[in-house]
J.: 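Following this message is one structure expressed as structure tokens.
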There are 2 protein chains.
Amino acid sequence: MLSKKTKYGIKALTFLARQKDNSPVQIAEIAKSETISIKFLESILLLLRHSGFLGAKKGKGGGYYLIKDPKDINMAHVYRILEGPIALLPCASHNFYEPCLDCSNEATCAVRKLMIEVRDNTLKILESNTLADIAF
Amino acid sequence: MLSKKTKYGIKALTFLARQKDNSPVQIAEIAKSETISIKFLESILLLLRHSGFLGAKKGKGGGYYLIKDPKDINMAHVYRILEGPIALLPCASHNFYEPCLDCSNEATCAVRKLMIEVRDNTLKILESNTLADIAF
DNA sequence: CAATAATCTACTATTCCGATAGGGTAATGG
DNA sequence: CCATTACCCTATCGGAATAGTAGATTATTG
């Protein structure tokens, strides 16, 4: 299941992408529109800023805004930042690989075999979608 | 992330599928071979029995055994029993659908749109795999 | 300077997962 | 028929992760 963090993060990105000009939008405005706790959203937007998706401006007329064109924001990238691994098992992950302690032989593990197939396909879907694709 | 319950459940099914004859295998034997806590595995096997995948025989020489041919055990079915919904969001699920409370309009929700695409693809993969496909 | 809005630190409540304990019940073999 | 074996059920529990909260601080604008 997708965490609310990821869900809210993508919603916020979508909200910003749908703005006409790219002027800063306040946290409170996004939170109200998407029914998200302000403080929780705050931490998510901060993460997205540190990850290079958003810019922020303090003071009057400040807020968050997209740094990149929605067409250049890859959803697989967003997913990994917010949610973590795309694979459903650490032993089936590229970017977050970890061996299973209970697994004596990765090569013959049926679960891993299946989860790698699922992972490859999910990755393909996420990579083929940009923020622009899902927002418009 | 896949729960250990699902992981162990699939491992146990695989273990049983790989038995030469289909004679009962004791819980302890599966647990030892796959490094699973006996009591935890016990509850998983019980669930799989109640779901019509396994049969059980009590008393001396008893244990669990597959009721159906591995070729007829669909991994999407197994997944839903053990893990629950295949979709990453309740609002993107067929069998476990629930509307999102924070979502004012499902039709324009970008997250839902993306997650439905992921779901459709994952389902396709799981449905196209049987226990026989991954065990052998 | 004063108002505004992001930033940072720290804390709390809740939920779920994985595991464990202990006893009860049913079916075998001898 | 009885002891053994192994399935079956209930209850509980620690720890991690998630989701949300509170308050103080810093930077910007007018």
Side-chain angles (χ1 to χ4, degrees), chain A residues 1-12 16 23-51 53-67 81-85 88-90 96 98 100-103 111, chain B residues 1-12 16 23-32 34-51 53-67 82-85 88-90 96 98 100-102:
Chain A
M1 276 286 165
L2 213 65
S3 67
K4 295 212 172 182
K5 182 177 162 189
T6 303
K7 184 181 170 189
Y8 293 164
I10 298 177
K11 278 194 160 195
L16 292 174
S23 61
V25 181
Q26 294 164 33
I27 297 177
E29 188 184 339
I30 305 176
K32 192 183 173 192
S33 168
E34 303 293 335
T35 326
I36 304 173
S37 137
I38 292 185
K39 283 294 190 175
F40 189 31
L41 179 59
E42 193 181 295
S43 67
I44 297 169
L45 294 178
L46 200 58
L47 171 61
L48 289 172
R49 187 178 81 76
H50 288 150
S51 303
F53 294 105
L54 301 181
K57 200 182 160 193
K58 291 185 181 180
K60 206 166 201 171
Y64 282 98
Y65 53 92
L66 283 178
I67 278 184
I81 298 288
L82 291 169
E83 188 75 15
L88 294 173
L89 282 182
F96 299 82
E98 265 182 59
C100 294
L101 297 176
D102 58 293
C103 213
V111 189
Chain B
M1 277 287 165
L2 211 65
S3 66
K4 296 213 170 182
K5 183 176 161 189
T6 303
K7 184 181 171 190
Y8 293 164
I10 298 178
K11 278 195 160 196
L16 292 174
S23 61
V25 181
Q26 296 164 29
I27 296 178
E29 187 184 339
I30 304 176
K32 193 183 172 191
E34 305 292 336
T35 326
I36 306 172
S37 136
I38 292 185
K39 284 293 194 175
F40 189 30
L41 179 59
E42 195 180 294
S43 68
I44 297 168
L45 293 178
L46 200 58
L47 171 60
L48 289 173
R49 189 178 80 76
H50 288 150
S51 303
F53 295 106
L54 301 180
K57 197 183 162 192
K58 292 185 182 180
K60 206 165 203 172
Y64 281 99
Y65 52 92
L66 283 178
I67 279 184
L82 291 168
E83 189 74 16
L88 294 173
L89 282 183
F96 299 83
E98 265 182 60
C100 295
L101 297 176
D102 57 293

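Basis for what follows: all heavy atoms, side chains included, without hydrogens, waters or symmetry-related copies. Not measured: the values here are computed from a predicted model. Proteins get letters first, then strands, A, B, ... in listed order; numbering begins at 1 in each.
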J.: Are B:Y8 and C:dA19 close enough that a side-chain N or O sits under 4.0 Å from OP1 or OP2?
T.: yes

J.: Let's see if you can work this out: which of D:dT26, C:dA19, D:dC8 has an atom nearest to the side-chain heavy atoms of B:L46?
T.: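 Of all the options, the side chain of B:L46 is nearest to D:dC8.
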
J.: Send over the distance from A:E34 CD to D:dG20 P, rounded to a whole Å.
T.: 14 Å

J.: In whole angstroms, how far is the P atom of D:dT21 from the CD1 atom of A:I44?
T.: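 Rounding to the nearest Å, CD1 of A:I44 and P of D:dT21 are 13 Å apart.
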
J.: In whole angstrom, what separates B:K57's NZ from C:dT25's C1'?
T.: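 Taking NZ of B:K57 and C1' of C:dT25, I get 18 Å after rounding.
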
J.: From D:dC8, C:dA19, C:dA6, pick the nucleotide closest to the side chain of B:S37?
T.: C:dA19

J.: Kindly point out which of C:dA6, D:dC7, D:dT29 is positioned nearest to the side chain of B:K58?
T.: D:dC7

J.: Check B:Y64 against B:A56 and note the closest heavy-atom contact, atom names and distance.
T.: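 Reported closest heavy-atom pair: CE2-CB, 3.6 Å.
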
J.: Should B:Y64 be listed as having a side-chain N or O under 4.0 Å from OP1 or OP2 of D:dC8?
T.: yes

J.: From D:dG20, D:dG30, D:dC9, pick the nucleotide closest to the side chain of A:K60?
T.: D:dG30

J.: Would you please confirm or rule out a distance under 4.0 Å between OP1 or OP2 of C:dC16 and any side-chain N or O of B:S3?
T.: no

J.: Could you check which of D:dC7, C:dA19, C:dT28 has an atom nearest any side-chain atom of B:I27?
T.: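 Nucleotide nearest to B:I27's side chain: D:dC7.
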
J.: Relative to the 5' end of DNA chain D, which residue comes earlier, A:F40 or B:E42, by the nucleotide with the nearest heavy atom?
T.: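 Comparing both residues, the 5'-ward one is B:E42.
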
J.: Quick one: does B:K39 reach the base of C:dG22 with a side-chain donor-acceptor pair under 3.5 Å?
T.: yes

J.: Just to confirm, is there a sub-4.0 Å distance from OP1 or OP2 of D:dC9 to any side-chain nitrogen or oxygen of B:S43?
T.: no

